[in-house]
Amino acid sequence: MVTHDRFFLDRVCSVILELDDHTIYTYRGNYSYYLEKRQERIDNKRAEIARANNLYRTELEWMRRQPQARGHKAKYREDAFYDLQRVAKQRIEERQIRLKSKNVYIGSKIFECQYVSKKFGDDMVILKDFYYNFSRFEKMGIVGNNGTGKSTFIKMLLGLEPLDSGRFDIGDTVRFGYFSQEGLQFNEGQKVIDIVRDIADYVDLGGGRHMTATQLLQYFLFTPEQQYNYVSKLSGGERRKLYLCTVLMRNPNFLVLDEPTNDLDIVTLQILEEYLQDFPGCVIVVSHDRYFMDKVVDHLLVFNGQGVIKDFPGNYTQYREWLSLSDEKIKSPVVVNEEENNKRSHKPEQRRRLSFKEKRELEQLEADIASLEEEQHRIEEALCGGTTSVEEITAMSKRLPLLKEELDEKSMRWLELSELA
């Protein structure tokens, strides 16, 4: 199979073939194994090139020396020099620096969905008296089966679809950037660079930094030659990348992305993930790409159809784990004796409430989670800042995975207690 679905690759494939620099590399494992071994291959190649460069400088001096009278250079050593030169001149394409804008401001009021209802005909209910207050810097994923109303919800938020009742109260500072399935409409006779420049010549990143239209296109892997190609020559994936660039060039502070990963190659997906992880505004993502959702979102709205919407504080994998735990509880048989059965038949069943100790634990968990998230944000900021010392980077790199593990553990416990609250 050929696919950009990394979760699918990880679960299904046992052999990965990578086509890179006119060479096919074989990895006998799943996608996670491929990532690990590919990095090892690149590290080994870098070390080989570094050794070749050191030796090349010495041999180059020898080649430049004139041979002594009636002498000549050894042919075998000349041949070895040219072989060494080919290795030393190799270049491994380096990943670009992470693009982070500090000039995005968004106020404390984002949007409030005030008891909104929407249905098509008598049978298809999208929302029914739905209330939600969106938080500052929230990165939300919207998931659900096809036809449950995910895209319709977004269009209602953006004013593209009328409401049956209720309203969206949107903050004054909010500037939406909308990437949709219907947005791929370009003038086929225009050049790629001109389409982006028609929106703006540059994006202000804050701190005196700017990113030009050319630099943004290069960041999303458009070569200088491709930037001066006509749109008619672009592939489907390249058109989607160009559309994404036009959305980002408007410098929004609230990104709304409806299936942004379709047709994007894995390298571009990784760049987009990093951009969204560092994005200092708000994000809503509708996507079937589970790997992408896990990387980007910290919160889910799950559309179950007929107006039933689940609000889940976690990413997609955490949601699936919670579902499986819930299913196990439902399926597990409960054996009670006849006497206990008779007792229960005379008493109304009461839902277990949180004990005093559990209430205090829940409050403490909320404070701990907020503190851990703040620490995680500080570490990620420092690692991307470029002013941290090597010793601090080493310490932070060791702390970050432990921090994430502790955060996941406390979040799952919070979820367990909040179900009883």
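A quick note: this is a predicted structure, and the numbers were derived from the prediction, not measured.
Remark: K139 fails to qualify as a cation-pi partner of F279 under the 6.0 Å distance and 45° angle criteria applied to the six-membered ring.
Using modelled atom types, one finds a donor on one side chain and an acceptor on the other under 3.5 Å when comparing H299 with D311. Of the N and O atoms on the side chains of D265 and T268, at least one donor lies less than 3.5 Å from an acceptor on the other residue. Side-chain N/O atoms of D43 and Q39 include a donor and acceptor closer than 3.5 Å. Inspection of the S151 and D258 side chains reveals an N or O donor paired with an N or O acceptor under 3.5 Å.
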Under 3.5 Å, which donor-acceptor pairs link side chains of residues 300-310 to any protein atom two or more places apart or in another chain?
residue: Q306; atom: NE2; partner: D123; partner atom: O; Å: 3.0

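When every heavy atom of I379 is checked against every heavy atom of L400, the shortest pair comes out as CG2-CD1, 4.0 Å.
Looking at residues two or more places apart in sequence or on another chain, you find a ring pair (Phe, Tyr, Trp, His ring centres under 6.0 Å) between Y34 and Y27, Y31. With sequence neighbours left out, R38 forms a salt bridge (Lys or Arg N to Asp or Glu O under 4.0 Å) with E18. The side-chain contact (heavy atoms from CB on, under 4.5 Å) test applied to N146 returns K150, H288, not counting sequence neighbours. The side-chain contact (heavy atoms from CB on, under 4.5 Å) check on L160 picks up K155, L158, Y178, with sequence neighbours excluded. Under the ring pair (Phe, Tyr, Trp, His ring centres under 6.0 Å) criterion, Y202 pairs with H210, sequence neighbours left out. Not counting sequence neighbours, the partners of L19 by the side-chain contact (heavy atoms from CB on, under 4.5 Å) test are I24. Under the side-chain contact (heavy atoms from CB on, under 4.5 Å) criterion, D289 pairs with R6, T261, L269, S287, Y291, F292, sequence neighbours left out. Partners of Y115 by ring pair (Phe, Tyr, Trp, His ring centres under 6.0 Å), not counting sequence neighbours, listed by chain and number: Y131. The salt bridge (Lys or Arg N to Asp or Glu O under 4.0 Å) search around K410 returns D368, not counting sequence neighbours.
Within the model, atoms CD of Q270 and NZ of K295 stand 7.5 Å from one another, a figure rounded to the nearest 0.5 Å. Between F179 atom CZ and T246 atom OG1 the span is 8.5 Å, to the nearest 0.5 Å. Separation of atoms CG (L216) and CE (M211) is listed at 6.0 Å; rounding is to 0.5 Å. Between the CG atom of L217 and the OH atom of Y228 there is a distance of 9.5 Å, given to the nearest 0.5 Å. Remark: S117 OG to I126 CD1 distance equals 11.5 Å, nearest 0.5 Å. To the nearest 0.5 Å, atom CG of residue D278 and atom CD of residue E273 are 12.0 Å apart.
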Task: side chain to side chain contact (heavy atoms under 4.5 Å, CB included) between Y25 and R41, worked out - done: CA-CA 10 Å; Y25 299 95; R41 173 177 71 79; 3.4 Å; yes
- [ ] Run the numbers on L234 and L242 for side chain to side chain contact (heavy atoms under 4.5 Å, CB included), then give the verdict.
- [x] CA-CA 9 Å; L234 298 182; L242 175 58; 3.9 Å; yes
TODO: Using the side chain to side chain contact (heavy atoms under 4.5 Å, CB included) rule, take L255 and Y275 through it: C-alpha gap first, then chi angles, then the decisive distance, then the call.
DONE: CA-CA 11 Å; L255 285 169; Y275 178 86; 4.1 Å; yes
Task: Stepwise salt bridge (charged side-chain N to carboxylate O under 4.0 Å, His left out) test for E374 and R378 - done: CA-CA 6 Å; E374 186 180 346; R378 283 201 310 270; 3.6 Å; yes
- [ ] Walk me through it: do E112 and R167 pass the test salt bridge (charged side-chain N to carboxylate O under 4.0 Å, His left out)?
- [x] CA-CA 8 Å; E112 187 178 6; R167 67 189 290 262; over 6 Å; no
Open item on the list: For N187 and V231: C-alpha separation, side-chain torsions, deciding distance, then whether side chain to side chain contact (heavy atoms under 4.5 Å, CB included) applies.
Closed with: CA-CA 7 Å; N187 180 348; V231 173; over 6 Å; no
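The environment of F168 atom CZ is dense: over 12 non-hydrogen atoms of other residues, nucleotides or ligands sit within 6.0 angstrom. Other residues, nucleotides and ligands contribute at most 12 non-hydrogen atoms within 6.0 Å of the CG atom of N145. Environment of CD in E409: sparse, with no more than 12 heavy atoms of neighbouring residues, nucleotides or ligands closer than 6.0 Å. Residue-environment remark: CZ (R175) exceeds the threshold of 12 foreign heavy atoms within 6.0 Å.
Aromatic ring centroids of F111 and F176 lie 6.0 Å or more apart.
Test I142, N315, V285 against M293 for side-chain contact (heavy atoms from CB on, under 4.5 Å) and you get one pass: V285.
Side-chain contact between F7 and R11 is present, with at least one heavy-atom pair separated by less than 4.5 Å.
Side-chain atoms of Q226 come within 3.5 Å of backbone atoms of T223 as a donor-acceptor pair (strictly under, hydrogens ignored).
The salt bridge (charged side-chain N to carboxylate O under 4.0 Å, His left out) contacts involving residues 126-138 comprise nothing, where partners must be two or more places apart or lie in separate chains. The side-chain hydrogen bond (donor to acceptor under 3.5 Å, both in side chains) contacts involving residues 396-405 comprise E375-R399, where partners must be two or more places apart or lie in separate chains.
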